[in-house]
Amino acid sequence: MVKFRDYLIIQYKRIFKLLPGIVAMILVVAALLGAAGVALMYSDAYNEEQQRYKLGVVGDTDDEMISLGVYMIGTLDESRYMIELVEFDDEEAAKDAMRSADISAYIVITEEFSDALNAMTNDSKLKYYATSGQKGISNVMMDEIAAIATNIIVYSETGICTLREIMKQEGFDKATRHENIDDLFMIYLAALMIRTNVAEITELGLSDGLSTPAYYFAGILSFFMLLLSFCAISFFLGQKNAQYKFMGSKGVTARYQIVAEYIPFLTINVLCTAVTLGVMFVVMQMGIFDIQEIAGNTIRNFLNFGIKLIPVCIMFSALGFMIFEILIGVINKILVAFMLYIGMGYVSGYFYPKTFFPELVQKIGESIPSGVAFGYMGEVLKRGHEEKYLLAMLGYTIAFLIVSMVLRHQKMK
């Protein structure tokens with residue numbers, strides 16, 4: 001009879017014999033993902049500095065009302081942090097700038113619009129042009145800005161025109177009408193200037209309340225932990241059903257075989273994750289990147305963060321174990337597992353903010369194991385509520401191991 005402890009020691013010896021190759025593969029994956037993460041963070045830092053959208057203006061801006069609006073947008077209004085106005089002498093120059101992506105869109109101010117603005121007749125419109133075809137984020141943002149500006153101008157102008165007509169019908173003289181219209185205009189202007197004070201602004205970060213560095217840090221680290229089982233694929237090669245049957249005849253049932261093989265597999269994944277986190281801590285101390293969610297980046301905070309990642313490692317290890325127990329053949333194990341991991345990581349938002357996906361895809365991405373792990377890691381970074389994610393990961397882990405045991409039992413028949 002072979003005891004469970006003996007079979008466990010055999011599996012530890014087998015995986016440690018394969019350890020050099022496993023570590024080499026893990027180092028390559030860690031280096032590639034680390035380089036991609038740093039590139040993403042630095043790229044975002046550059047985009048933050050260049051975050052204003054350039055809007056071209058064609059036409060005469062010397063009119064008093066128009067020049068006032070241009071001055072407000074450029075110097076006083078909160079929109080100055082989002083929009084940069086670029087003036088052009090003619091429309092062809094603006095078209096060339098838009099074709100070369102120097103501006104996101106442009107508007108044409110005609111003489112008819114200037115006259116209508118001064119007369120407050122509302123019978124002429126601005127001409128607004130953007131690139132055609134599939135829309136990018138710049139086009140969407142400009143459409144939103146145009147819609148907001150339209151609402152502000154139309155409703156303000158409607159109020160002023162209504163006041164003028166009512167006062168005219170009531171028989172007020174021209175001087176009184178102009179005085180009251182000017183007062184109402186200044187009220188609208190003052191309201192526009194302080195409109196950002198009527199709401200409390202909360203910075204939500206890139207997604208799930210995480211800052212951009214924290215989001216990509218969580219996504220890339222989660223994907224790395226998901227790939228750890230793929231890096232240890234050699235542990236699952238060369239196994240024969242005859243070996244399982246032989247060990248079963250010696251008293252090691254399918255349940256004990258799975259547990260005895262899973263524990264060494266999990267041990268290697270935990271150790272590799274710990275070493276990787278240690279390297280990350282050193283890199284952060286060097287100032288290459290910083291995450292505000294890990295307050296102070298101290299050893300204690302980083303150690304606490306690493307300990308809380310153990311449930312993720314447990315679930316991902318169980319997932320990988322089940323996948324390799326299901327798949328037969330070296331090619332299948334490599335191709336299917338890798339494509340599955342890529343797909344899971346993509347829909348769960350590891351590589352691209354999940355808020356850009358359709359609602360159905362978001363729900364699927366959040367409910368699968370990769371999404372649960374990502375949500376849990378986000379809550380850990382935010383020091384939020386982790387309990388529901390822990391329960392979900394526990395349920396997934398038990399389910400994966402049970403499926404593995406059932407499959408092993410079938411192979412032993």
K.L.:
How many angstroms lie between atom CG of Leu266 and atom CG of Leu271, to the nearest 0.5 angstrom?
P.N.:
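Leu266 atom CG to Leu271 atom CG measures 9.0 Å (nearest 0.5 Å).
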
K.L.:
How far does CD1 of Ile10 sit from CD1 of Ile15, to the nearest 0.5 angstrom?
P.N.:
14.5 Å

K.L.:
Could you walk me through whether Phe316 and Leu228 pass the side chain to side chain contact (heavy atoms under 4.5 Å, CB included) test, one step at a time?
P.N.:
CA-CA 8 Å; Phe316 279 164; Leu228 281 177; over 6 Å; no

K.L.:
Taking the six-membered ring where the residue is Trp, are the ring centres of Phe400 and Phe321 under 6.0 Å apart?
P.N.:
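No: the rings miss the under 6.0 Å criterion.
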
K.L.:
Could you tell me if the side chain of Ile268 sits less than 4.5 Å from the side chain of Phe16, heavy atoms only?
P.N.:
yes

K.L.:
Are the side chain of Tyr376 and the backbone N or O of Lys308 linked by a donor-acceptor pair below 3.5 Å?
P.N.:
yes

K.L.:
Mark yes when over 12 heavy atoms from residues, nucleotides or ligands other than Phe265 sit less than 6.0 Å from its CZ; otherwise mark no.
P.N.:
yes

K.L.:
Carefully, step by step, assess Ile258 and Leu407 under the rule side chain to side chain contact (heavy atoms under 4.5 Å, CB included).
P.N.:
CA-CA 10 Å; Ile258 292 298; Leu407 292 171; over 6 Å; no

K.L.:
Using a strict 4.0 Å threshold on nitrogen-to-oxygen distance, state whether Glu261 and Arg14 make a salt bridge.
P.N.:
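Salt bridge between Glu261 and Arg14, a charged N being under 4.0 Å from a carboxylate O: no.
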
K.L.:
Taking all heavy atoms of Ala318 and all of Tyr262, pick out the closest pair and write down the distance.
P.N.:
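Scanning both residues, the minimum pair turns out to be N-CE1, 3.4 Å.
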
K.L.:
Might you confirm whether atom OH of Tyr346 has over 12 heavy atoms from other residues, nucleotides or ligands at distances under 6.0 Å?
P.N.:
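Atom OH in Tyr346 is not crowded, with 12 or fewer foreign heavy atoms closer than 6.0 Å.
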
K.L.:
Rounded to the nearest 0.5 Å, what separates atom CG in Leu327 from atom CE in Met322?
P.N.:
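Answer for the CG-CE pair, Leu327 versus Met322, is 9.0 Å.
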
K.L.:
How long is the gap from OG on Ser370 to CG on Leu340, to the nearest 0.5 Å?
P.N.:
8.5 Å

K.L.:
Rounded to the nearest 0.5 Å, how far does CD of Glu91 lie from CG of Asp96?
P.N.:
11.0 Å

K.L.:
What pair of heavy atoms forms the shortest contact from Leu8 to Ala260, and how long is it?
P.N.:
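For Leu8 versus Ala260, the nearest heavy atoms are CD1-O, 3.3 Å.
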
K.L.:
Could you verify whether a donor N or O on one side chain and an acceptor N or O on the other, from Tyr12 and Thr267, lie under 3.5 Å apart?
P.N.:
yes

K.L.:
Can you measure from NZ (Lys363) to CD (Glu366) and round to the nearest 0.5 angstrom?
P.N.:
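If we round to the nearest 0.5 Å, Lys363:NZ and Glu366:CD are 9.0 Å apart.
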
K.L.:
Side chain to side chain contact (heavy atoms under 4.5 Å, CB included), that's the test. Do Tyr350 and Met344 meet it? Break it down for me.
P.N.:
CA-CA 9 Å; Tyr350 287 7; Met344 291 175 63; over 6 Å; no

K.L.:
Met225 versus Asn269: any side-chain heavy-atom pair under 4.5 Å?
P.N.:
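No - every pair of side-chain heavy atoms lies 4.5 Å or more apart.
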
K.L.:
Work out which heavy atom in Pro311 is nearest to a heavy atom in Met393; give both atom names and the distance.
P.N.:
CB-CE, 3.9 Å

K.L.:
Between Val259 and Met405, does a side chain to side chain contact (heavy atoms under 4.5 Å, CB included) hold up when you go through it step by step?
P.N.:
CA-CA 9 Å; Val259 174; Met405 292 174 186; 3.8 Å; yes

K.L.:
Donor-acceptor pair, Lys411 side chain versus Glu325 backbone, under 3.5 Å?
P.N.:
yes

K.L.:
Could you tell me which non-hydrogen atom of Gly306 sits nearest to which non-hydrogen atom of Leu277, and how far apart they are?
P.N.:
CA-CD1, 3.6 Å

K.L.:
Can you name the nearest heavy-atom pair linking Leu381 to Ala218, along with the distance?
P.N.:
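Closest approach of Leu381 to Ala218: CD1-CB, 4.0 Å.
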
K.L.:
What closest approach, in Å, do Met377 and Ser222 show between heavy atoms, and which atom pair accounts for it?
P.N.:
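What the structure gives for the nearest pair is CE-OG, 3.2 Å.
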
K.L.:
Less than 4.5 Å apart, side chain to side chain, heavy atoms only: is that true for Tyr396 and Leu319?
P.N.:
no

K.L.:
So do the side chains of Ser348 and Ile368 get within less than 4.5 Å of each other, counting heavy atoms only?
P.N.:
yes

